[in-house]
Amino acid sequence: MNDSAILKQGYWRLVWRQFRKNGLAMAGLAVILCLFAVALLAPFLAHSRPIHLVKDGRTYWFANLIDYPELIEVDFVTWTPGDGERVLRPPVPFGPLDDNVLHRLEPPVWARSAPEDGTEVDNGPFRHWLGTDDRGRDVLSRLIWGTRISMSIGFVAVGISALIGVVFGALAGYYGGKVDMVILRLIEIVMCFPSFFLILTLMAFLPPSIWNIMVAIGLLGWTGIARLVRGEFLRLRESDFATAARATGLHDGWIIFRHLLPNALAPVWVSATFGVAGAILTESGLSFLGFGVPPPAASWGEVLKQSQTYITYAWWLVTFPGAAIFITVTAFNLVGEGLRDAMDPRLRQ
Amino acid sequence: MTDSPSQPPLLEVDGLVKHFPVRGGVFSRVLGAVRAVDGVTFSIPRGKTLSLVGESGSGKTTAGRSILRLIEPSAGRVLFNGVDLTRLDRREMRRYRKAMQIIFQDPYGSLNPRMTVYNMLSEILSTHKIVPRAQRRQRIYEILELVGLPPESADRYPHEFSGGQRQRIGIARALAVEPELIVADEPISALDVSIQAQILNLLRDVQERLGLTYLFIAHDLSVVRHISDYVAVMYLGRIVERGRVDDIFERPVHPYTKALLAAAPVPNPKLARARQPLAGDVPSPIHPPPGCHFHPRCPDAVALCRITEQRLVEIAPGHWAACSVHAPQPE
């Protein structure tokens, strides 16, 4: 690519061109977009109440989102539409918390053995596609709702670390000297701790809640980003355009955030992408050890944890949440690597 | 060296010093200092141009930036309109930045790649409240026209321009605050030869129109002759000779000035002077040679040059040189 072609395009368009060439990264991006869709549409994909319902002459729209007082008593698993009544259920007609002792530890549909009396039981839409756990809760429904938890923990935790990291890194790099010294020591102190065990300890003391997990992961994960931003600022503050901004009498805050920061963010995006994968993994680990998202909320690590007792028998409780974690983390890592390669000017031809 | 003694010079630099400490060892002790600028004195009358000339490493860029306090000077005074800039605190200095600007050598590194020309100029106008918000766009078009850029360039990013156009943007940025003094730090040395003349003419043109005062930093004497009223030649952080442009070009005294003049390319080969190329490199500014800093490379050096420090001596009205051989030091 010649110079003028580079100059004609914006920076992000150029990055996108490079990124698009990387098949694995594109696959990862597709997976992440799907996960986003699943997280956003969870109530439409898995919910015990129908999306659209005509019952007793009344029409209900989005019963899965709105708590109609008339419908609270209705058990939609046993309810079937009568004459003039209609129902549109989500593809998985179970909420993540709907338990049913009669359907404990059911295997996935394709692995289910025929009933012993020889009769075919057709549950219609009420099939547990990926089986059920020890309380009869639908595994697929829990995985779908767990996507929400994993994605939000990943993004909020990384958002917190990126914010702290960018601010500390920018201050250290721009001002240097004593400010830099203090922030660098702070970074070293935080980095000294094995962060997973520190988070584990924190979670043991803090009341269990998803927000505490996000904050704990975020508060301990900013050091890498801070060091990257500091390095960029050390380079940028010596640049002529930074000197020019000082010479025109602009304020330091304006120079830092308006002039230098936009030029320092490229490595932050890469690091943040890897960070999301790390945060999801950390949350799963915490939940697996029982320090994560408080039950009965559905989280991938939580489902995995339940599998411990039945591991010799209920293979589906291990396989599917494990696969969900694996695929998500891999997708984010692939996108991170793709971004890193696309933003690396040395790889540009 | 002021032409009209009644009017005080716009800029007076008096004994300006900038030492960069050299640290090392376990506890970052100060081991020595790079004497980048080592006692520089000159003044520029309002509306005139003084060129600061020297080889790479002579401290001319550091001097220019210390005057604007983009680098904090170690010692000395910088009087701007009679106000000592080195004594101002940061807030007061910010107000004075409106009156003095800098143009950079590298037209690529000196513009923020993520900002349009409009945003670049607009933030300057709003910071210093130059024009009311409603007139801002109009004013930006005027500035662009002044530097010879079409109004459409306002909404473009720096990478969409050529080197010469970028330098025009750099000049536009400097002019936006309506300054009195502009430090031009080798503004044309990174440009194509064909563009150099355009930018030089632009600089002279805006100087005439706006009554600007230039401190022009250059290493190329042929450029300097056309744009300057005064010339100061720097070597290893010190001024070795200064005077009116004709004094320096027609009656150079210091051997270093002569060597620089001899090294400058002459367009007409028939007029080529006998060349006396300078041997060796600029010595280390951490351990400058004793006596006259220039003596190791000087063709005219005598034994005394290794011992005596050279001071500037006025050899003709307004023409100063620091060479005990050619400009005997007064007792």
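Residue numbers start from 1 in every chain, and the chains themselves are labelled A, B, ... in the order their sequence lines are given, proteins ahead of strands.
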Just wondering, more than 12 heavy atoms not from [X] lying within 6.0 Å of its [atom1]?
X: B/R137; atom1: CZ; result: yes
X: B/R90; atom1: CZ; result: no
X: B/E145; atom1: CD; result: no

Who in residues 226-250 of chain A is close to chain B, using a strict under-4.5 Å heavy-atom cut-off?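 Under the 4.5 Å heavy-atom cut-off, A/D240, A/F241, A/T243, A/A244, A/R246, A/A247, A/T248, A/G249, A/L250 qualify.
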Apply side-chain hydrogen bond (donor to acceptor under 3.5 Å, both in side chains) to residues B/R94 and A/H251 and explain how you reach the verdict. CA-CA 8 Å; B/R94 192 171 285 141; A/H251 294 261; 2.9 Å; yes
Give me the contact list for residues 63-76 of chain B versus chain A, heavy atoms only, anything under 4.5 Å, ordered by residue number.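 Listed by number, the contacting residues are B/R65, B/L70.
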Is there any residue in residues 118-130 of chain B with a non-hydrogen atom under 4.5 Å from a non-hydrogen atom of chain A, and which ones are they?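 Residues in range: B/N119, B/E123, B/I124, B/T127, B/H128.
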Top contributor to chain A interface from B/D185, B/V177, B/L111 [non-hydrogen pairs under 4.5 Å]: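 Among B/D185, B/V177, B/L111, the one with the most close pairs to chain A is B/L111.
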Output the option from B/A174, B/G109, B/G170, B/A176 having the highest count of non-hydrogen pairs under 4.5 Å with chain A.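 Winner by heavy-atom pair count: B/G109.
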Donor-acceptor contact below 3.5 Å, side chain B/R114 vs main chain A/N263: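 Here the side-chain-to-backbone pair does not exist.
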Residues forming a ring-ring contact (aromatic ring centres under 6.0 Å, His included) with A/F332, sequence neighbours excluded: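 For A/F332 the ring-ring contact (aromatic ring centres under 6.0 Å, His included) partners, ignoring immediate neighbours, are A/F155.
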